[in-house]
Structures are given as C-alpha cells and as structure tokens.
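Protein chains get the first letters and strands the later ones, always in sequence-line order, with residue 1 at the start of each. What's counted below: heavy atoms across the whole structure, side chains too, no hydrogens, waters or symmetry copies.
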Amino acid sequence: MTVADLLSILPQTVLEGLLLGFVYAMVALGYTMVYGVLGLINFAHSEVFMIGAVIGLEVFRFWGNPDAPVISNPFLLLFVALVFAAVGSGTMAVLVERFAYRPLRKRGSKNILVPMITAIGVSFLLQDLTRIYAALRHNEFNMQYRTFDALNTTLMLPLQTTIQVKGIIIILVSVLMLIGLTYLVNRTKLGKAIRAVSQDMQTAALMGINPDVIISRTFLIGGSLGGVAGVLFGLLYTNVTPYSGVLPGLKAFTSAVLGGIGNIPGAMVGGLVLGQLETLSGTYLPFLTNGNFGTEYKDVFAFLTLVLLLLFRPQGLFGQNVSEKV
Amino acid sequence: MSALHRFALPLSIGLTALSAIGVLLSLLGQPVASGGLLNALLILGVASVMGLRLPTGWRSGLLAVLALALTVLLRTNTDDKVAFYLLLAVLIASFLLPNLTRLVRVALGAAILLIAVPIAGLSNSFLFELGIQIGIFAALALGLNVVVGQAGLLDLGFAAFFAIGAYTWGIFGSPQAAQFIGGFPAQGLSGNYLFLFMALAIITAAITGVLIGLPALRLRGDYLAIVTLGLGEVVRVFANNLDKPVNITNGPQGITPVNRPDVGILADFLRAIGAERIYGRPIDDAIAYSFFFYLLVLVVIGIVILVNVRLANSRFGRAWVAIREDEIAAKAMGIPLLPTKLIAFATGAAFSGIMGAVFAAKQTFVSPESFTLQASINILAFVILGGMGSIGGAVVGAAAVTVLNLGILKDFSDLLNTWRQTGVNILGYNMANLPPQLNPAKYERLVFGLILILMMIFRPEGLIPEQRHRAEMQEARQEAQEGGSK
C-alpha cells in the first residue's frame, strides 16, 4: 500500500469513526451525568443501553412484521422504536436508582465501593433477566434486527466516501439529542438544578431543591439517551445479545473518563475522540505493522491512549483539577 | 431471644445428639429418618452450635461430634452434598468462631481438611473438584483483598495476574514453547518443573503488578479503576492475539495439553493406606490427580494465608490501612505512597500468580476465556461478599459463591428437571408445563446479582467483617440515625 492509497481510505474511516463516536458519546453522557450527581460509576448503564436495543428490536418485529406491517414506513417505524426505547430505558434507569441506589444513600454509608458493587449486581441481574426474556420469546438469545432496504441504501459522498441512509439518521438523531441535552442542562430550570446538585448536594437541598427528584430525573435523562443510542447501535450492527451492552458500555465509560468524568461537553468530545481512535487504529494498524498486529489490537490502542492521557492530564481533557480538601 | 439463649446448651446438645444418632442408624442400615429429615436435623445442629452462645468446651466438643457424624454420613451416602456443605461450615466455624482455643482450631481444621474431606472426595470425586475450585478462587480473593480490602485501591483488572501465572506454566509446560524457542523439548518441560514454575509465576506476576501499577497507581479512585480495567483487558487481548507474528500464546484456541507432575508416589501412598476400599475401584490416575491437586491447593492456600496474616500485621499492612483510610494523612505521617501501593499490588499479584500456575496444570488447558473482565469482577464480588479487608471473609466469600454456582444452582436445576419429567403439581401449577429454558444453572448471574444487591443494602460490611471496618459501619449507621431523615 502506498501513502496515496492509505490517504484515500482516510475520509471513509473518519466517517465510520464519527458514527461510532456519536453512539459512544450518547452512552458516555449517561455515565458522566450520574457520576456528576452521585459520584458513582453506574455499571448498570451498559445494560440500560442494551435494553434500549432490545426494545427497538421488538418494535421492529411487532409493528414492522413484513407479513402484516402495522407501520409500513421504515422511517416512522424507526421513530416509534426510538421513542419506545427512550421511554423504556429511561424508566428502567429510574427503577434501578429507586430500588438499588437510593436505599444505600439513605443509610449514609461513606464507602464509595458499596454503590459500585450494587451497580455491578444490577448489571448482572439485568443481563440475565434479558436472557430469560429472549430465551422464552425467541428461544435463543442472539437476536437479529430486521433490516429495511430503505435504511440500507448506500449514498455516494465526495472523496470516494459512501454512507448508508441509516448512517445519516444516526448522525442526525445523535446531533439533535446532544443539542437538546446541552439546552436542557444549560438553559432550563431542571438543568440548573442538576448542575446545583452535582456541585454540592447539601447546599442545593438548602436552596429548596429536592435532590432525590433531581437524581431520579438525571437517571431518566441518561437512561433515555442510552436507550436511543441502543437502537442506533442495533441498527448499525444488526445483532443484539443480553451481553452486547458490556463492551460498548466500557468504551463509553472510557470516553467519559477521557473527556473528564462529570463533564458533559467532555463526554461528547471523549466519545467522538474514542470513536476516531478505534476506527483509525483498526484500519491502519495492520498496514503500519505489516499485518503483524491487526485490527484486534484497536482496544489495546484505545486503552493505552487513555492511560497515557491520564498520566499527563489526570483530570481528563476537560475535567477541572480539584485539589483535595484535608 | 433470651429464652433461646437460656436453653442454648441443651438445645444444641440435643440437636447434635439427634443428628449423630440419625447418622449412626443409617450407618447400621436402619434409616429411621429419610435423607431429607436427617439433613434438616444436621443443618439445625450445625446452625445451633455456630449461632448460639455456648461455653468454649461444649462448643469444641459439639463441633467435633458434628464433623465426625458428617464424615461418616459422607462415606455411606456419597451423593449427600448438603452434608459436604455442612462440613465446610463446620470447618469455617472452627477457624472463625471467637471463643475456641488454638489447639481445638488446629486439631479440628487439620482433621477436617486432611481426613474428612479426602474421605468424602474418595467416595465422590466431585467433592475434590469443588474443594480445588474453592481453593483456587480463595487464593484469588485473598490476593485482591490485599489490594482492594487492605490498601483500598480499586483494581478491576485483577484476572490479568492470574492469567500471567497460568501462561507462565502453560507456555513452558506444554508443546507450546517449542513453537517459538528453537531446541526446546517438543513436549515442553516435564510436569515436575511445575514446582519451580510456581515460584517463577510469583515473580512474573509480581513484576506485571509493578509494571501495571507504576502508571496506574499515580491515579486515584475511579480513574484507577478504569485504568486497571483497561490494562487488564490489554493483557487478555495480547493473550488472545499473540499467535502471530510469533506463536507465543496460541491465540484463542488456548494451550493444551499442559503437563502435570508425576503422581506415582501419591498413588502408591493411597494404595498403601487402603484407599481403594473407600474409592471402590483400583486407584487410577484420575483420582490420584484429584487428590494431588487438592493437597497442592491446600498447601498454597496455607502459605498465602500465613503470608497474608503476617503482612497484615506488619509495617506494610498498617501503612496500607492508613492509605485506605486517608491518603493525605498517611502521606503526612511519612508513608511513601507509591512504593507502599506498589508493594500491595505486587503482593496481590503474586498470590494469584502462583495459583494461576496451579490452575494451568490442573485444567491441563489455558485459554484467554478464563481471564475476562467477568472473571475480574467475580473475584471482586468474592471479596465484597466476604467482607473487605478481612482474610477469613475473602475465603468464606470465595467458598460461598463457588458452592452456590457449582453446587446448589446445579442441584436445583436437576430438581426442577425431575419435577418437569414427573409432572409434579406445586401450588396448582403443573411443573411439566415449565418451559425448559428456565434452567437455574444457566442463570447464575441473576442469583449472583441479586445477592450482591441485597448484601449491599442489608449487610454492606460483608459476611465476616474486618474488625476495623465493622466499627466504621456502626458509626455511620449511628450518625445516620442521629441526623434523622435527611
């Protein structure tokens, strides 16, 4: 491969990285917002994301059944799937907060490991509940998304780049969601309350904000974003299992740390950066190392970048350097 | 409760005597009670001796009687797993109950570990398997307990060190090494080198611990968690893909067969003491290896616990606790942070490295599948379940989860299957209609997840809390009460 060849596949690679990056960014927001208000790595968020993907799949199967379609327009169907996934995943996140995390908060334990272990427990529980559901309903837990020609049509772009219609939808939906979230957090009363609680829960409570309500809303927002991202992810990779949330969740969390955990714009940028890192290293590593180290090392590359970045900027790209009070 | 305590002694003596008589009768071929009733009696007996307030002498005596009764029962009724779990409970009780003399602890522990369990294992080799698994997981839990429990450093990639230990022996004790080292014996080193490589695995794992720790330990809390998680994945990805350009790990297929030490002497020993009569067949390789690995795991666990106890009370152990409680205060007191944390990392890594080598030989197979993020999280769950920072807790946590996964859930599945086939009615529901997908053995995560959630809500300090930690939790609870409903 010559340098010209390598350069010619660059735009396509960057575009694919962008799609992945937007999905990561939306999931990363769920991690970073919960971390902002509770200081907790919500491991169960990857399962909230996966449940969104499963809900989308079921909507496609129920109302998009090719023999008797209730909704024959694939775009409308996708819209319905996104709405259902957002509501379902959001509700799931709120329930998790209500029944697993709130009892811990009420007891006032100072150990940060306790809620994190709970989160891991919730994550296991949701994985296997989904597995039972899939086993009973589909008799297997490897579920396939229904595909539609209208969504898979390939469009030509300049610079020898191609994109599928669903790719455009993914970018559109995520940009809209991210703009919406930025508006919500920065311009609305709820957003102000979320920022207040994440800055100082006790003082916020003194100012007449009910932290429990705000925390619950934060889970709702983060969960809905995760659910939407789940449908988009399912659309992109067409395959969902009860465990398919784990790896994207891990990457999304890495994105959140990369951008500075607790920081909302940071999570978006972190997701986009990680998406690029992953696809670029996946495409170019085999060429640069003569095929000795292939695409399978893209995760290693992503994690090592994270380690390097954290060594020089321990607070992430956008995080604030908070010196610890004694 | 007070009434229960007043009658504690007669109650537990009565229950123990009844179970002993039950066992004796079934031994004489006169089973007055069905197996289920006898088990229920034994459960009550063990529970009363463990849970009620008893004088030291009586408690030691009753524990010994129960251990003896359980051993006899396991010998006559080889499929009675409940009896085996109860034997484990008696073992744990004899180590952890507060008011026993050291002599009683050592005598009871040695009798159960060296006589009762081997007799049970020879009668039913699955019990050896269970014991070996518990031992392996307990070593991992003890290793992580040093890092998370004692030093308070959250490590989410701990399985990496286990992998390093396993591959250290897996590569050189198998035909694998000849693939990339010219002139290496084609079948790999003979199994007897395992003992040397267990020592080497300690070193390689500890070095890996330092290498991972050097960058990671400059970070704190959650950042440390994600970086260790990432680096743990890095180790697994390398194990999964280093079959090219040079074939070092044989990639996802894994390495097999890994050589095992020669157990001829042990088999001869078993024949000499007449173990054939218990085994029911001539002593073969399978049972000799089961017994060998049981003993090996026992020795390794013994060493690990000894080192761990000594370290916990040493200058390092106290420095770890100081760092866990307050890093800045510890630094102000003159504790060098990075070296102290690195020693914790290397110690934990060494514990799991040595067990990794044993694991490779025991399975005769090493593959990256055994060292996923899931494995790391499972190990963490053992530690949390048992009680962070508590040495007894780590062992109990590992034992509880292993018994649950390998024993109880599988038995429950079998029970459901029999019900399904015979079409038993339960609460008006015909079990024959139960969908076959609902097989509890497949849903261990569900049970495991529920246990973790409930434990954190109702008993966050773990099954066997560390003394210091217990005090803290009580303090927090009091504060929460005094603060009213915030």
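- In plain terms, the two heavy atoms of B:P215 and A:V307 that are nearest each other are CB-CG1, 4.1 Å.
- B:N241 pairs by the side-chain hydrogen bond (donor to acceptor under 3.5 Å, both in side chains) definition with nothing, not counting sequence neighbours.
- If you measure heavy-atom distances from B:I384 to chain A, the contacts under 4.5 Å come from the side chain alone.
- What you find for A:T118 and B:I453 is that their closest heavy atoms are O-CG1, 4.0 Å.
- For A:L306, the part lying near chain B is the side chain, with the backbone staying farther off; criterion is any non-hydrogen pair under 4.5 Å.
- Once rounded to the nearest 0.5 Å, the distance linking CZ of A:R102 with CD1 of B:I457 reads 12.5 Å.
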B:E233 vs A:D299, side-chain contact (heavy atoms from CB on, under 4.5 Å): CA-CA, chis, key distance, verdict: CA-CA 8 Å; B:E233 278 294 283; A:D299 294 349; 5.7 Å; no
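- Residue A:Y243 touches chain B through its side chain alone, counting heavy-atom pairs closer than 4.5 Å.
- Of the two parts of B:L231, only the side chain, counted from C-beta on, holds a non-hydrogen atom closer than 4.5 Å to a non-hydrogen atom of chain A.
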Which atom pairs, donor and acceptor, lie under 3.5 Å between side-chain atoms of residues 29-41 of chain A and protein residues at least two apart or in another chain?
{"from": "A:Y31", "atom 1": "OH", "to": "A:G249", "atom 2": "O", "distance (Å)": "3.4"}
{"from": "A:T32", "atom 1": "OG1", "to": "A:G262", "atom 2": "N", "distance (Å)": "2.8"}
{"from": "A:Y35", "atom 1": "OH", "to": "B:D222", "atom 2": "OD2", "distance (Å)": "2.4"}

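- Proximity to chain B is absent for every atom of A:L308, based on heavy atoms less than 4.5 angstrom apart.
- At a heavy-atom separation below 4.5 angstrom, chain A is approached by B:L154, B:L156 within residues 151-158 of chain B.
- Heavy-atom neighbours of chain B within the stretch residues 119-127 of chain A, taken at a separation under 4.5 angstrom, comprise A:I120, A:G121, A:V122, A:F124, A:L125, A:Q127.
- The shortest side-chain heavy-atom distance between A:T254 and B:I226 falls under the 4.5 Å cut-off.
- Neither the backbone nor the side chain of B:I451 comes within less than 4.5 Å of any heavy atom of chain A.
- Residue-environment remark: OH (A:Y297) exceeds the threshold of 12 foreign heavy atoms within 6.0 Å.
- Residue A:I117 is tested with B:M456, B:M388, B:M455 for a side-chain contact (heavy atoms from CB on, under 4.5 Å); the sole match is B:M456.
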